[in-house]
Amino acid sequence: MAELEGLEFGKSDFVLLDEVNMEQFMENLKLRFEKARIYTFIGEVVVSVNPYKQMDIYGKEAIDAYRGRELYENPPHLYAVADAAYKAMKRRAKDTCIVISGESGAGKTEASKYIMQYIAAITNPSQRAEVESVKNVLLKSNCVLEAFGNAKTNRNDNSSRFGKYMDINFNFNGDPTGGHINNYLLEKVRLLRGGSEEMLGSLHLQKDPVNYVYTREGAASTTSNNDRSSHRAVLSALQVIGFSKEEIDSIYRILGTILILGNLQFETDSESVQVVGSEAVSHIAGLTTTEPDNVTKSLLYRTVATGGGEVIEKGHTEKEACFGRDAFAKALYERLFCWIVARINAVIEVKDYNPVLHGKNTVIGVLDIYGFEIFDNNSFEQFCINYCNEKLQQLFIELILRQEQDEYQREGITWRHIDYFNNQIIVDLVEQPHKGIISVLDEACLTVGKVTDTICLESMDAKLGQHPHYTSRKLTPSDKTMEFHRDFRIRHYAGDVTYSVEGFLDKNKDPLFQDFKRLMYNSSNPVLKEMWPDGQLSITEVTKRPLTAATLFKNSIVALVDKLGCKEPYYVRCIKPNEMKSPVLFDDARCQHQVAYLGLLENVRVRRAGFAYRQPYARFLQRYKMTCEYTWPNHLMETDREAVEAIVTQHGFQDDVAYGHTKLFVRTPRSLFTLEQERAALIPILVLFLQKVWRGALARMRCQRMRAIYAIMGCYKRFKVKAHFWEVERRFTNVRNMADYGKSVEWPTPPAALAQFDSITQQLHRRWRARQIVKNIPPSDMGEVRAKVAALGALSGERKDWGCGRPWERDYLSNVRDCPQTSSNFIRISKELRNKDQYNQVLFSGFCRKVNRFNKSTDRALFITEKHIYKLDPKKQFKVLKRLPLESVSTGLSITAGVDQMVALHTSSQDDVLLYIQRGELCPNQDRIGELLGTLIDHFTRSVAAVRRSSDTVLHHYPSWSNSPYTAWRCVGSLSC
């Protein structure tokens, strides 16, 4: 709040002064300036003093401190008034405007930039891309408009030579959606400085501004800004806004044309006027993409139409040529500036807006316009600028001072009337039809014949001589501060200003010859052509005299005031502390003069005589009802006014308030601060209470939802289980009669709760299928089936072809088809061995090749019974070469993963036998390794009761034999008994 600052910084609200007089006002203003407190309130008006230095009060922390706060909650700041305008716009859907006023050099432009930055910072919290784009263009437009519309003057390094009013459009969320810029009275130009050598060369320019007439005056003084970085910033801003490369190039070409135009010189050759040097004309033609002859013709001649419709060319005098050149240069710059503003408006304007779809479109206007000017030599520009400030002061008077009194009278509040100066009389002096100064100027411009500035001054003396705020040397001959036939004086609200009438008429009427307009319209550059649409008319078609500059300016200012008048205004009144641009010097006389013409003291008197704060009863009650036991949470009184009275009485503020018909009026912020303090202390307690109640309600709602969720989940799970059972039953009803017993039937996807049950069910079905299949197998084939199953489990897919698809003969040596020549001999030998060793079953027999440790091989025959393994020599009538008990090879056997028939029998005595099983004549490509493996596993599985019934055979890598290219796999488990 304003009172939060210590007393050592002075009063942060001028309403709190002990006495309202100029001495105390200036003393407080100076103290705050010296203490680096550059902002001070007058109620809701912010008084700003230019500090002439960078201050660390505009960062993110400051923005967060003022966001969403009331004016009185924080020390005075631009952010406070910006936030107040934004809240009024967003909460009450009220169009608002911020009027920044003050004289040149008081800091208006910087204030408008800080306000724009604050609005940009507090909007679009969701970071929507389209809104960010609008904000970026709005901010960048300031940089561009400053570059082309501000100038360095003897009073200000960055003086606004044009007025700018920007409307920012907001949607119902309070996010910017677009905007519109109006510019007023572009006066002077500030051309580029800081361009690259390459760019300057393409424009036929030199780097030193002293070389050009139009920039020579300000070139000698040093600038506080870095020209090159400023130029880059402007170029970047143009690109961000959306200017194309061709458009930016056209802007530079126009600027180059203007500079070269200023250096054009004319000379009189006998009776005609000529341009000195043809190179400049060629450069202008090249930059404007026109013909050099047409440029020369436009500079030296004027095309006029006679009364009979005849068109003639009239040659200029040297003076007329110089006048036309300067008028052309100024018009070029003015058209360029207006075109830039129009291009920015085209980018930022609200597009496709529909109130039904997008809600109410509200506006915040920001006015940054030239301040009141009093120079040693005041001309037409100062006259227009000061007239604008008179209109704004009139608006300030109407909306702040007079409305204060009107509101108190409407509300039935009695207070001491304050007389104030109403400057309507000065406004009428300037703009009154048929009598005002502008009317006199326009009449002189329209008069046929030679009318000079002196004649115009005499006309003003005749018509305005009795006006109390107008005088001239002729009317007051004793006043030697004015010159005869030249000066007149207006007694403005800000003080007396003496104007020199010289140049008034030339500046008021359109000084640009139509030849220049047609020259630019016929340019090959589309940008230039777009800037000069009136050039398409021929000389015979141009009949209507254009409005004068003063009338155009008056119309635009009247429209501006009307636009501001329909909005809720907020004011920033800027003060310039000294002429030296010093951060420590406070010129009392200079500042006192500004305080007087800004009407600040009258504003304080109104606030003090009246009330600093007023609020409708309902809104006041809504904010402070928690501070009174009779109004919280809702009052039972007949009216809101009675409830407000209860609050005021409980806090003892009866003597500091007044009750209007619809509003409560509080005289001093101190009472409001007390209420705010108590409210701030109660808010955390109320918040905790509301949080407790709301959290309880949320917990109960969550509990009810959870119960409903679990009930629904339970029913749904039961339904899914039943549905799964029904689906399984439907699909597997007829599997007993199917050829594959349901193998081809696809199982339905089970719910999560039945995942394990589904797995068990599928396993049961597979076992049932196997049982059904096994039941149909003849007993004689069961041994082969068991052996194949054993081989399948042992190999686990490691061997691609292991003879599963063929019948297993087992005893191949006794098979006549496989061994037709030796089968009879083997049968005889096998009978002898049966009688000798008493075996009952032949597990396997076949030819093989035995490989020894020296990698030598010999043909042998392998004969395996349930008791022994025999190594026979087929070449010696199957002579038994070696007999090993079958139990001795229970350690295991190894085979490879390829298609070869290699097998290694591992004995307990580590006397391994390496064999290569040979294929017989029954089928040359038979793989008998799988048959040998399956037969042995099946035999050991059934013969050893201690081994589990399900085979746990595992294949693992076994080291290869020395010098062998094979990779061996050991089959262990069922043989390791």
Side-chain angles (χ1 to χ4, degrees), residues 2 13-17 19-20 41-45 70-72 84 87-88 91-96 394-422 424 565-571 599-628 630-632 634-676 678-679:
D13 193 329
F14 286 112
V15 175
L16 302 177
L17 291 175
E19 294 182 14
V20 182
F41 282 139
I42 303 178
E44 294 181 350
V45 176
E70 298 297 332
L71 276 171
Y72 46 77
K87 287 202 301 287
R91 295 178 181 176
R92 294 185 275 134
K94 181 79 173 177
D95 289 346
T96 61
Q394 182 190 35
L395 179 70
F396 179 75
I397 292 171
E398 291 178 354
L399 297 181
I400 296 296
L401 306 181
R402 195 163 65 198
Q403 285 183 358
E404 284 279 305
Q405 298 178 5
D406 292 345
E407 183 176 19
Y408 295 157
Q409 292 173 3
R410 286 196 308 269
E411 290 290 327
I413 304 295
T414 58
W415 66 311
R416 182 169 55 87
H417 182 76
I418 298 295
D419 292 325
Y420 57 86
F421 171 68
N422 190 335
Q424 181 64 47
C566 65
K567 294 178 173 62
E568 183 173 314
Y570 293 84
Y571 288 91
L600 301 183
L601 206 57
E602 287 80 0
N603 194 5
V604 177
R605 288 196 179 102
V606 171
R607 287 288 184 177
R608 283 291 293 268
F611 300 86
Y613 176 82
R614 75 290 314 264
Q615 194 69 275
Y617 291 123
R619 188 167 296 169
F620 183 90
L621 183 63
Q622 179 67 26
R623 183 166 184 83
Y624 300 112
K625 62 181 181 179
M626 72 287 297
T627 64
C628 179
Y630 303 110
T631 57
W632 177 259
N634 295 298
H635 69 87
L636 301 177
M637 303 173 193
E638 293 184 1
T639 63
D640 288 343
R641 172 173 173 167
E642 294 180 12
V644 171
E645 288 180 2
I647 296 175
V648 172
T649 302
Q650 178 168 322
H651 292 86
F653 299 151
Q654 299 91 323
D655 298 332
D656 199 41
V657 301
Y659 299 98
H661 298 312
T662 62
K663 294 181 179 180
L664 172 72
F665 289 75
V666 181
R667 188 177 303 276
T668 63
R670 194 180 305 276
S671 300
L672 203 62
F673 179 51
T674 304
L675 285 173
E676 282 293 325
E678 186 167 346
R679 180 180 181 273

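The basis for the numbers below is simple: all heavy atoms, side chains too, and nothing from hydrogens, waters or symmetry mates.
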Please determine which of D656, V657, L675 meets the side-chain contact (heavy atoms from CB on, under 4.5 Å) test together with H651. L675
Interatomic distance, R619 atom CZ to R91 atom CZ [nearest 0.5 angstrom]: 9.0 Å
Gap between atom CD of E645 and atom OH of Y617 - 0.5 Å precision: 7.0 Å
If you count the non-hydrogen atoms of other residues, nucleotides and ligands that lie under 6.0 Å from OH in Y630, is the total more than 12? no
Taking atom CD of Q622 as the centre, does the number of heavy atoms from other residues, nucleotides or ligands within less than 6.0 Å exceed 12? no
How far does CZ of R623 sit from CZ of R679, to the nearest 0.5 angstrom? 3.5 Å
Of the non-hydrogen atoms in A646 and C628, which two are nearest, and what is the gap between them? O-SG, 4.0 Å
dist F665:CZ -> E411:CD (nearest 0.5 Å) comes out at 4.5 Å
What closest approach, in Å, do E568 and A88 show between heavy atoms, and which atom pair accounts for it? OE2-CB, 3.9 Å
A643 versus T631, closest heavy-atom pair with distance: O-CG2, 3.6 Å
Using side chain to side chain contact (heavy atoms under 4.5 Å, CB included), reason through Y571 and L395 one step at a time and then give a plain yes or no. CA-CA 11 Å; Y571 288 91; L395 179 70; 4.1 Å; yes
For Q654, is the CD atom crowded, meaning more than 12 foreign heavy atoms sit under 6.0 Å from it? yes
Parallel, tilted or perpendicular, judged at 30° and 60°: which one describes the rings of Y624 and F620? tilted
Atom CG in L621, atom CG in L664: separation rounded to 0.5 Å? 10.5 Å
Are any non-hydrogen side-chain atoms of T96 and Y570 less than 4.5 angstrom apart? yes
